[in-house]
Amino acid sequence: MPELPEVETIRRSLLPLLKGKKIKSAVLTHSKLLKNAEPGEFSSQLYGKTFQDIIRRGKYLMFYFEDQLRLLVHLRMTGQLRLEGSEIELKKHNHFVIDLDDGQQLRFVDTRKFGMLYIGSEESVSTQSGWHKLGPEPLSDKFSLEDFAAILQKRPKRRIKALLLDQHLIAGLGNIYVDEGLFRAGIHPQSLAGNIPPPKQHDLYQAIRAVLADGIEHRGTTLNDYVDGFGQTGSFQFQLQVYGRAGQPCRECESTVQRIKVAGRSTHVCEACQVMF
DNA sequence: CGTGTCACCTGACAGC
DNA sequence: TGCTGTCAGGTGACAC
């Protein structure tokens with residue numbers, strides 16, 4: 001569900017309405033969600049604090065409060081953050097509620113309970129959550145073609161799809177945007193990273209950045225659960241070329257889109273358009 | 001270093 | 001209708 005474009009859309013939807021709001025109370029009802037502290041600390045640390053900022057790295061969100069306090073959230077598969085009026089009935093799998101001083105509530109909903117929360121100083125939450133081990137941000141100006149090529153060259157035997165999904169190498173790509181990026185670049189997902197010639201490395205670098213930027217522009221991909229901070233769905237699902245289109249004709253060449261397994265993940269590919277290296 | 005499998009949970013869906 | 005098996009966008013641990 002939430003990959004970089006979805007998490008960024010959530011960040012952008014929440015930030016203007018959370019900034020400057022003070023917390024009247026915070027209640028965690030699924031204690032296992034909080035990975036690095038006792039459940040009671042969720043309430044005690046957040047009580048009376050004011051939202052200052054929200055930063056995204058990869059698929060993580062870090063909420064900033066005064067006194068160096070941070071709340072780090074990872075939505076994993078089905079997590080949702082929603083800002084709703086307190087009069088709106090709680091969803092079935094609601095796991096925390098943060099009451100704001102304007103009567104709104106920030107709520108966390110997660111059917112599969114895979115989400116993760118960390119609370120504490122920036123240093124501790126980033127170390128404990130793995131935030132500090134994330135690879136570069138693919139949309140950053142600082143992420144160059146040379147950086148990307150070096151990542152491939154250092155892992156020549158890795159399948160390109162597995163490499164792109166590895167958050168330690170590049171942060172934020174998930175199954176949907178990897179399949180779409182590889183299609184746009186015309187590269188077969190089983191290709192070995194070291195076999196991809198420089199012109200195609202360039203195509204892939206561009207394709208990944210373009211597909212993520214397009215995903216953000218369309219406010220994310222809603223297949224099942226994903227919604228932004230206001231409960232609104234995205235629309236990038238209507239732009240997908242291969243993901244979820246197994247058995248249907250490729251939009252470029254009319255041959256049938258295949259669904260295969262790569263690196264243990266369901267993978268969508270047009271065998272005619274995507275070259276194996 | 002690389003891949004495959006499992007686990008964490010719940011719900012949707014196919015097949016019987 | 002309802003049972004069972006399979007699968008799902010993420011990630012880390014583990015075996016080989």
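Only heavy atoms go into these numbers, but all of them, side chains included; no hydrogens, no water, no symmetry mates. In what follows, chains are A, B, ... by sequence order, proteins preceding strands, each numbered from 1.
- For the pair A:D67 (side chain) and A:L69 (backbone), a donor-acceptor distance under 3.5 Å is absent.
- Between A:K161 atom NZ and C:dG10 atom P there is a gap of 9 Å when expressed in whole angstrom units.
- Under 4.0 Å is where a charged nitrogen must lie from a carboxylate oxygen, and between A:D225 and A:R112 no such pair does.
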Side-chain polar contacts of residues 85-94 of chain A - donor-acceptor pairs under 3.5 angstrom, sequence neighbours left out - could you list them?
residue: A:S86; atom: OG; partner: A:G103; partner atom: O; Å: 3.3
residue: A:N94; atom: ND2; partner: A:F96; partner atom: O; Å: 3.0

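- On the P atoms, B:dC6 is 15 Å away from C:dG5, given to the nearest whole Å.
- Using a cutoff of 4.0 Å between basic side-chain nitrogens and carboxylate oxygens, A:R12 and A:E8 are scored as salt-bridged.
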If the sugar-phosphate is the primed atoms plus P, OP1 and OP2 and the base is the rest, what is the B/S/- string for nucleotides 1-6 of chain B, using protein heavy atoms under 4.0 Å?
-SSS--
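- The listed nucleotides are C:dA8, B:dG11, C:dT11; the one nearest the side chain of A:H93 is B:dG11.
- Spacing between atom CZ of A:R265 and atom P of C:dG10 amounts to 5 Å, rounded to whole angstrom units.
- Counting to the nearest Å, the P atom of B:dT10 and the CG atom of A:N94 are 15 Å from each other.
- When the shell of 6.0 Å around CD of A:E123 is examined, it contains 12 or fewer heavy atoms from other residues, nucleotides or ligands.
- DNA chain C is contacted by A:R112, A:F114 of residues 108-117 of chain A, taking any non-hydrogen atom closer than 4.0 Å.
- Using atom P as the reference point in both B:dT5 and C:dT6, the two lie 14 Å apart (nearest Å).
- Here the side chains of A:Q68 and A:R70 are in contact, with some heavy-atom distance below 4.5 Å.
- Atom CG in A:L165 sits about 13 Å away from atom P in C:dA8, given to the nearest Å.
- No side-chain donor-acceptor contact under 3.5 Å links A:Y60 and A:S126.
- Side-chain atoms of A:H95 and A:D110 form no donor-acceptor pair, as typed in the model, at a separation below 3.5 Å.
- A:I187 and A:L145 fall within the same hydrophobic cluster, defined by Ile, Leu, Val, Met, Phe, Trp and Tyr side-chain heavy atoms under 4.5 Å apart, directly or through other members.
- Under a 4.0 Å N-O distance rule, the pair A:R57/A:E137 qualifies as a salt bridge.
- Using modelled atom types, one side-chain atom of A:E180 and one backbone atom of A:Y243 make a donor-acceptor pair closer than 3.5 Å.
- Candidate nucleotides C:dT11, C:dA8, B:dG11 were compared by shortest atom distance to the side chain of A:S266, and C:dA8 ranks first.
- Contact annotation: A:T78 side-chain N/O to C:dA8 OP1/OP2 distance is not under 4.0 Å.
- Within 4.0 Å of A:K92, counting heavy atoms only, lie sugar-phosphate atoms of the nucleic acid but no base atom.
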Could you write out DNA chain B as dot-bracket? Rules: Watson-Crick or G-U wobble, both distances under 3.5 Å, brackets [ ] for crossings, | for pairs with another strand, dot for unpaired.
.|||||||.|||||||
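- With respect to the salt-bridge test (charged N to carboxylate O, under 4.0 angstrom), the residues A:D166 and A:R158 qualify.
- A 4.5 Å side-chain heavy-atom check between A:F183 and A:L240 finds every atom pair outside the cut-off.
- Under a hydrophobic-cluster definition in which Ile, Leu, Val, Met, Phe, Trp and Tyr are linked whenever side-chain heavy atoms come within less than 4.5 Å, directly or via other members, A:F148 and A:F277 are assigned to the same cluster.
- Whole-Å rounding puts the A:Q80 CD to B:dC9 P distance at 19 Å.
- For the OP1/OP2 pair of C:dT11 and a distance below 4.0 Å, the side-chain nitrogens and oxygens of A:H74 include at least one atom meeting the criterion.
- Nucleic acid contact class of A:K261 (heavy atoms, under 4.0 Å, all strands): sugar-phosphate only.
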Using the side-chain hydrogen bond (donor to acceptor under 3.5 Å, both in side chains) rule, take A:E6 and A:Y177 through it: C-alpha gap first, then chi angles, then the decisive distance, then the call.
CA-CA 11 Å; A:E6 289 74 33; A:Y177 292 93; 2.7 Å; yes
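- Residues of residues 205-220 of chain A that place a heavy atom closer than 4.0 Å to DNA chain B do not occur.
- What you find for A:P249 and A:V257 is that their closest heavy atoms are C-CG2, 4.3 Å.
- When every heavy atom of A:L163 is checked against every heavy atom of A:A193, the shortest pair comes out as CD1-CB, 3.8 Å.
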Polar atom pairs (N or O), protein with nucleotides 12-16 of chain C, under 3.5 Å:
none

